[in-house]
Visitor: 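This is the structure I have questions about; it appears just below.
Each chain gets a letter, A, B and so on, in the order its sequence line appears, and its residues count up from 1. Remember, it's a predicted structure, so these values are computed and weren't measured experimentally.
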2 protein chains.
Amino acid sequence: MQADERRHRVLEFVRMSGGFASLPQLAKELGVSESTIRRDLDVLEESGVARRTHGGVFYAGGAPQLPAFELREPEQWAKKHAIAQAAAQLIHDGDTIFFDGGSTTYELARLLVGRPLQVVTNSLPVANLFAANAYADLNLVGGYVYPRTGVALGPHAVEMIGRLNVRRSILSTAGITERGFYNSNLLLIEAEQAMIDAADEVIVVADSTKFGCQSLAQLCGWDAVQTVVVDDGLSDEWRERIESFDTQLVVAPTNSEFSNAS
Amino acid sequence: MQADERRHRVLEFVRMSGGFASLPQLAKELGVSESTIRRDLDVLEESGVARRTHGGVFYAGGAPQLPAFELREPEQWAKKHAIAQAAAQLIHDGDTIFFDGGSTTYELARLLVGRPLQVVTNSLPVANLFAANAYADLNLVGGYVYPRTGVALGPHAVEMIGRLNVRRSILSTAGITERGFYNSNLLLIEAEQAMIDAADEVIVVADSTKFGCQSLAQLCGWDAVQTVVVDDGLSDEWRERIESFDTQLVVAPTNSEFSNAS
DNA sequence: CAATTCGTGATTGAAAACAATCATCAGTTT
DNA sequence: AAACTGATGATTGTTTTCAATCACGAATTG
């Protein structure tokens, strides 16, 4: 099926064009007919990542133009949103919160806009959420901005994080096993380890597909994480296993109701 | 003149509508004819804050919701744009550039998107311009983000800037007298002084109304600044006076043609 | 007070995009 | 092999939007 691939290229092109592309442009660029592009746009609009206008599409992703947020498969997104809603209940007004990058932490940040918080982040999309907000103070972590995700990393970032202290750090991860948490980027791991050291409480948000997956390098063990928030797709086996660790487990109901945090 | 007011409301409405609004929507919302809306959109597109499509507008401000950039009085903006265009010719591919905050530096940054540069900035809006750009490397300066302008300041910012070296720093200013350059925010001045120390060449972009104005505190003297870019509204008196300093003066023609930088 | 300028609203013919339909083709199933 | 399914490209008539133009009224200017 090359249709999906083509739709991704449509989004990519829209993004490169500064948020908008015309229908003939897209047809020419991708070498297909306008009819096909029209059908693709219908699909993309249906899934909420783009919005049609007379004559073209424009990008509708919540985060301006960083590709990481583009492909929201509706199902995945529902999980992330549920996780974010459950995690939001763990945050209290006045807290000092460190937001890592990642789409789930971004969703959580979105839910917290308007709350009186001290926000610290190395994620540009998250920073944009709070930049104009009068209720939250925003501290930005500097460093080399990783193009794909819009997250500041590198020695400057690690060094600055090392001088901060926060109540809670919200981390994302690429994989979780019984030995601990993993991520796929060494610079990111360095920064995240600093975030762990800087926090009184570490909260990891992760959807259930991450469990059982390793990734490039280990971020930390279970003892470093006080709370894990996950969607209700998590197997019973894993729920029991986490019981045996000294880590609090919050399961976010995917469907409607909420929420039994304990 | 209520035309300006109406254009602001157009932008506001577009922003509230999630980045896009159709032409009939706007006409109905503001109670004017579609013709008027069309003319407004032409103006807004001309000034770069919105982008037209067949059937409507979508918001094109690089800085999502910082109000400081929304209300561009056309006249002032023409100056700033001219200054930015002249300054852009001072920048060479491959340069390492430090962008200060401010609307004129932001305009300049907009013109430079797509060029191969090493970008360093403490301005969130500027960072957003380059974040997803494959041609430029982006280094973000962290710190406390000042809500109104989206600029990172404070000790962390100063400290990080102090560890960087750049080819050129692009600074804005609130006032210029024969004794030097002024700004109105002490934290900002601290950061800008660090930017001056970090740069081989300091370029100040300022419109002609800034000349002769003092402000809260002094940023630096004339000897610290190698180049000043200003619009052609500058008085002959000032042009002569700058001749006597060891600072290069670039006058940006406001109207059409370009450009005699020397 | 007359003239001018500017912003506005309405109209019009031209151009563009839309949705719907049909034909073709490849891969799969029966 | 024949039939079916799904994706694609082309075509059609209809609808929408566009740019240009004219006319009206208010505010400014001489």
Visitor: Give a yes or no on whether a donor-acceptor pair under 3.5 Å exists between the nucleobase atoms of C/dG9, that is its base, and the side chain of B/Arg38.
Guide: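 Not at all, since no donor on one side and acceptor on the other fall under 3.5 Å apart.
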Visitor: A/Arg6 CZ to D/dG6 C1': how many Å, rounded?
Guide: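 Distance check: A/Arg6 CZ to D/dG6 C1' gives 12 Å.
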Visitor: Going by the rule side chain to side chain contact (heavy atoms under 4.5 Å, CB included), which residues pair with B/His54 if we only count those two or more places apart in sequence or in a different chain?
Guide: A/His54
Visitor: Heavy atoms from C-beta onward define the side chain here; which of D/dT8, D/dC18, D/dT21 lies closest to that of B/His54?
Guide: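 Out of D/dT8, D/dC18, D/dT21, the nucleotide with an atom closest to B/His54's side chain is D/dC18.
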Visitor: Starting at CG of B/Asp40 and ending at C1' of C/dG7, how long is that distance when rounded to a whole Å?
Guide: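 Going from B/Asp40 (CG) to C/dG7 (C1'), I get 10 Å.
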Visitor: Begin with the C-alpha distance, continue with both residues' side-chain angles, and end with the deciding distance and a verdict on side chain to side chain contact (heavy atoms under 4.5 Å, CB included) for B/Ile242 and B/Leu234.
Guide: CA-CA 11 Å; B/Ile242 295 173; B/Leu234 190 67; 4.2 Å; yes
Visitor: Kindly write out the residues that satisfy salt bridge (charged side-chain N to carboxylate O under 4.0 Å, His left out) with B/Glu237, not counting sequence neighbours, or none if the list is empty.
Guide: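 Result, salt bridge (charged side-chain N to carboxylate O under 4.0 Å, His left out) vs B/Glu237: B/Arg241.
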Visitor: Expressed as a whole number of angstroms, how long is the span from B/Ile37:CD1 to C/dT8:C1'?
Guide: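 Going from CD1 in B/Ile37 over to C1' in C/dT8 covers 12 Å.
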Visitor: How many Å lie between CZ on A/Arg39 and P on C/dC22, as a whole number?
Guide: 14 Å
Visitor: Evaluate salt bridge (charged side-chain N to carboxylate O under 4.0 Å, His left out) for B/Asp207 paired with B/Lys210, printing each intermediate quantity in order.
Guide: CA-CA 6 Å; B/Asp207 62 84; B/Lys210 305 283 176 61; 3.5 Å; yes
Visitor: Of all the heavy-atom pairs spanning B/Arg168 and B/His92, show the shortest one and how long it is.
Guide: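 It is NH2-ND1, 2.9 Å.
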Visitor: Under 4.0 Å between a side-chain N/O of B/Arg52 and OP1 or OP2 of D/dC18, yes or no?
Guide: yes
Visitor: What residues in residues 21-36 of chain B put a non-hydrogen atom under 4.0 Å from any atom of DNA chain C?
Guide: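 Within residues 21-36 of chain B, the residues near DNA chain C are B/Val32, B/Ser33, B/Ser35, B/Thr36.
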Visitor: Between B/Leu41 (CG) and D/dA19 (P), how many Å, whole number?
Guide: 10 Å
Visitor: Give a yes-or-no answer on whether the side chains of B/Asp100 and B/Thr105 include a donor-acceptor pair shorter than 3.5 Å.
Guide: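 The criterion, which ignores hydrogens and geometry beyond distance, is not satisfied for B/Thr105 and B/Asp100.
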